[in-house]
There are 4 protein chains.
Amino acid sequence: MSPERRAPYRAGNRENRRQALVEAAIDEIAERGFEGLRTREVAAHVGLNVATLHYYFPTKEALIRGVLDEAMRRFRSTLVADGSPADRLRNHLRAVRSLLREQPQVGAVMGELALRSARDPAVARILREMNDVWHRTLRALLRQAVRDGHLASELDSDAVAALVMSTLMNMCLPTFASPERKDQAFRQLERWLGFSGTGAARPAQSLS
Amino acid sequence: MSPERRAPYRAGNRENRRQALVEAAIDEIAERGFEGLRTREVAAHVGLNVATLHYYFPTKEALIRGVLDEAMRRFRSTLVADGSPADRLRNHLRAVRSLLREQPQVGAVMGELALRSARDPAVARILREMNDVWHRTLRALLRQAVRDGHLASELDSDAVAALVMSTLMNMCLPTFASPERKDQAFRQLERWLGFSGTGAARPAQSLS
Amino acid sequence: MSPERRAPYRAGNRENRRQALVEAAIDEIAERGFEGLRTREVAAHVGLNVATLHYYFPTKEALIRGVLDEAMRRFRSTLVADGSPADRLRNHLRAVRSLLREQPQVGAVMGELALRSARDPAVARILREMNDVWHRTLRALLRQAVRDGHLASELDSDAVAALVMSTLMNMCLPTFASPERKDQAFRQLERWLGFSGTGAARPAQSLS
Amino acid sequence: MSPERRAPYRAGNRENRRQALVEAAIDEIAERGFEGLRTREVAAHVGLNVATLHYYFPTKEALIRGVLDEAMRRFRSTLVADGSPADRLRNHLRAVRSLLREQPQVGAVMGELALRSARDPAVARILREMNDVWHRTLRALLRQAVRDGHLASELDSDAVAALVMSTLMNMCLPTFASPERKDQAFRQLERWLGFSGTGAARPAQSLS
DNA sequence: AATGAATGAGAGTTCATTCAT
DNA sequence: AATGAATGAACTCTCATTCAT
């Protein structure tokens, strides 16, 4: 009735709105942790009332579940690549680094989710599934790279995959160390793997 | 009168009580995270009223600070060792593993603290200091081990120290992976370092 | 379902609600003092939950500030009048008396505020400003009344204004004396001023 | 046993201790009001534990009662004087002013008590009794001064006594006005009474 | 005569959630 | 599709009071 009422905002259908809320929630979690996540704040960041948030997500838990799904989705995208196994491996590592550098909130949220998984079976299940997929993918790539002669044949693909995952995940823990230290750890891993610096894979014999 | 009236604890002096409360808080944090830490619950676990908790710790923040101090103390103890640098290194790695296996709450709390450090400058400062000490200690041990001929001379002690820290810290993220996967990552690190399995250090040339 | 479920108030808009809460707070303060002011009680008197009170006033302090403003508003209304200076003066005195007789809570709250001003700079500032306005107004009226020949020319308008304020304020101290004694004090003041009883101003020479 | 333990402090018998606690309470009330009166604080100011305070005063109410008695005692002392009625009157006014200037806490406590009397029948009774005594004393002095020819014969001793009490009591309300304004009010009262400034009583005809 | 330790009963405040509109 | 208003339940923290020593 009154002329100053909000423009209809027809652009956003249900999914757009949900997506916007999830993104706002991710930002909030990255900044304040699950501990500091407030539905009111999330809604406000999208320009909505809290009550409206509950129209899209019945409970806070549901919103968090949305966050979990989105985080998984973004992370999974770093695994998509083509080329030789060695290339795909190298590209994956780089993609993870880029993701964490360009969207630091994703890393923060992953860390929070990892901790939350200790108390929340639903989160635990999803994270575990994702980790299994990730581990299997890495292991397969490592094996193929070994078979292709790009990596040392004695390499324990299971164990190396686990170490790679560990190192990447660690970048999600904020002040575990300075950013430089994280990079050092990461490069050391690459060195041992034979991916020295920017260039092509080093000779396989550098790995055991 | 009533038989279930709790007998007042006379045994504990001030420090015992504070310690008991800190330990209860650690257990609570490990189980429910900072998010789920409730002063009433902590007090109840020691058999006390909330008001009494505030008699020992003026605020919840002070209690958390006590938790931080205790976690640091326990972690620092894994660095105390003697023997050759290579032995001290090996013992340190094992001590951390034992600590995390025998007192899983400590790991959980470390993880929580690491995340909290992103928003709490006080926690960040303490964690950073501890990490600096840790890094310097590891680096020195690695250098000496290289000088002693136990590790490959090309080894970048800075970077390897960072990778070691990363791998150990990662054990604090609960369901990042199954326990086996964590062990794999850890053993792979030892392998690259030349500490294969239970025995003596492998020849230095296994490291680059 | 249950018949005693309170019907939600739909009548009141935001300002009405705030006003209702302030009035309830005034009544509470009058009855129990600032010492006994409980947000829960105030909310209940308006038929609301405590949480809802905090929806309108973020903190208890903000509510008290609302009380302060309202008390000042009501008191200020006793100064609004027209007629000759002598009439305005007389009417003001009567208005204050009526106010205190008809809304004794206002007097009680004024007394509480006066005491609180000793520790609360914000209250102190507002009260002081109001007193300054009051004093200036009274002084001006007295001077004009002298000029008009209604009051004795030797009268020290500053000092008489102060004494008038003092006498009126004192009516806010509950059992300083019996109501009769307060009236006596007040009438004695009027007598000295030349406003004897109900009627017109007495000849100016009765004042010094 | 240990040499540094507190000196026995034999000086203080039960009454001394109670007195010390009451005085500390008066200071606290003057500074923070009844609202901010904390038994712990009072005890600490005397160098005692809270529990010990309860040894001397079973409840907080009992302590407040002690404060009330002490305040009354101090105030009563301003009425003790000798000389002609006019002198006694003048001296009483001066004594009250001195008391309030030299022991401002007493004034503050009187103000607090006056307000509290609205809710606390015990306080109300005592205050009322004291006020009755005060009023009777003033009235008798005024009558005698009239009889002696020091004050105007038409003077309504009841009403003037009430106005005097009102003016003096008002000095207990902190920022009702600036100190100067209080003095003005007080001096105006003296002027009307015929006690101009420091000197002797003015001729009786200045009063009506 | 004195105290450290303990507590029950609240206080103000926060927040996810609901509901009429 | 959206919201203002409302709430229950819970949280941290406070304080007068008690009690064994």
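- A salt bridge links C:Glu35 with D:Arg116; the closest basic N to acidic carboxylate O contact falls under 4.0 Å.
- Judged by distance alone, with hydrogens and angles left aside, C:Arg38 brings no side-chain donor or acceptor close enough to the base of E:dG10 to form a pair under 3.5 Å.
- The separation between B:Lys60 atom NZ and E:dT14 atom P is 14 Å, rounded to whole Å.
- Nucleotide F:dA16 holds its C1' atom 13 Å from the CG atom of D:Asn49, rounded to whole Å.
- The D:Ala51 side chain lies nearest to F:dT18 when the options are F:dT14, F:dT18, F:dT12.
- Relative to the side chain of B:Tyr55, the nucleotides E:dA5, F:dA1, E:dA1 differ in distance, and E:dA5 lies closest.
- Looking at heavy-atom distances under 4.0 Å, A:Leu37 makes contact with sugar-phosphate atoms alone, never a base.
- The CD atom of B:Glu41 sits 12 Å away from the C1' atom of F:dA10 (whole-angstrom rounding).
- Cation-pi check for B:Arg14 over B:Tyr55 is met; the charged atom lies under 6.0 angstrom from the ring centroid and within 45 degrees of its normal.
- Listed candidates were F:dT12, F:dT3, E:dC15. Nearest to the side chain of A:Leu48 is F:dT3.
- For C:His54, taking side-chain heavy atoms from C-beta onward, the closest of the listed nucleotides F:dT12, E:dG4, E:dT14 is E:dT14.
- One finds a side-chain N or O of D:Arg17 lying less than 4.0 angstrom from the OP1 or OP2 phosphate oxygen of E:dA2.
- Distances shorter than 4.0 Å separate some side-chain N or O of C:Tyr56 from OP1 or OP2 on F:dA6.
- When the C1' atom of E:dT13 is taken as reference, atom CD1 of C:Ile64 falls 15 Å away, rounded to whole Å.
- Looking at B:Lys60, its side chain does come within 3.5 Å of a backbone N or O of B:Leu37 through a donor-acceptor pair.
- The shortest distance between side-chain heavy atoms of D:Asn16 and D:Asn13 falls below 4.5 Å.
- Ranking F:dT17, E:dA16, E:dT13 by closeness to the D:Arg40 side chain, first place goes to F:dT17.
- When the C1' atom of F:dG4 is taken as reference, atom CD of C:Glu15 falls 15 Å away, rounded to whole Å.
- Side chain to side chain, A:Glu15 and A:Gln19 fail the donor-acceptor criterion of an N or O pair below 3.5 Å.
- Summarising the geometry, the separation between CG on A:Leu53 and C1' on E:dT17 is reported as 11 Å, rounded to the nearest angstrom.
- Here E:dA6 presents its C1' atom at 12 Å from CG of B:Leu21, a figure rounded to the nearest Å.
- Proximity of A:Thr52 to the phosphate of F:dA1: no side-chain N or O atom is located under 4.0 Å from OP1 or OP2.
- Computed from coordinates, the B:Glu35 CD to F:dA10 C1' distance equals 15 Å when rounded to whole Å.
- Comparing E:dT13, E:dA5, F:dT3 by their closest approach to the side chain of C:Thr39 singles out E:dT13.
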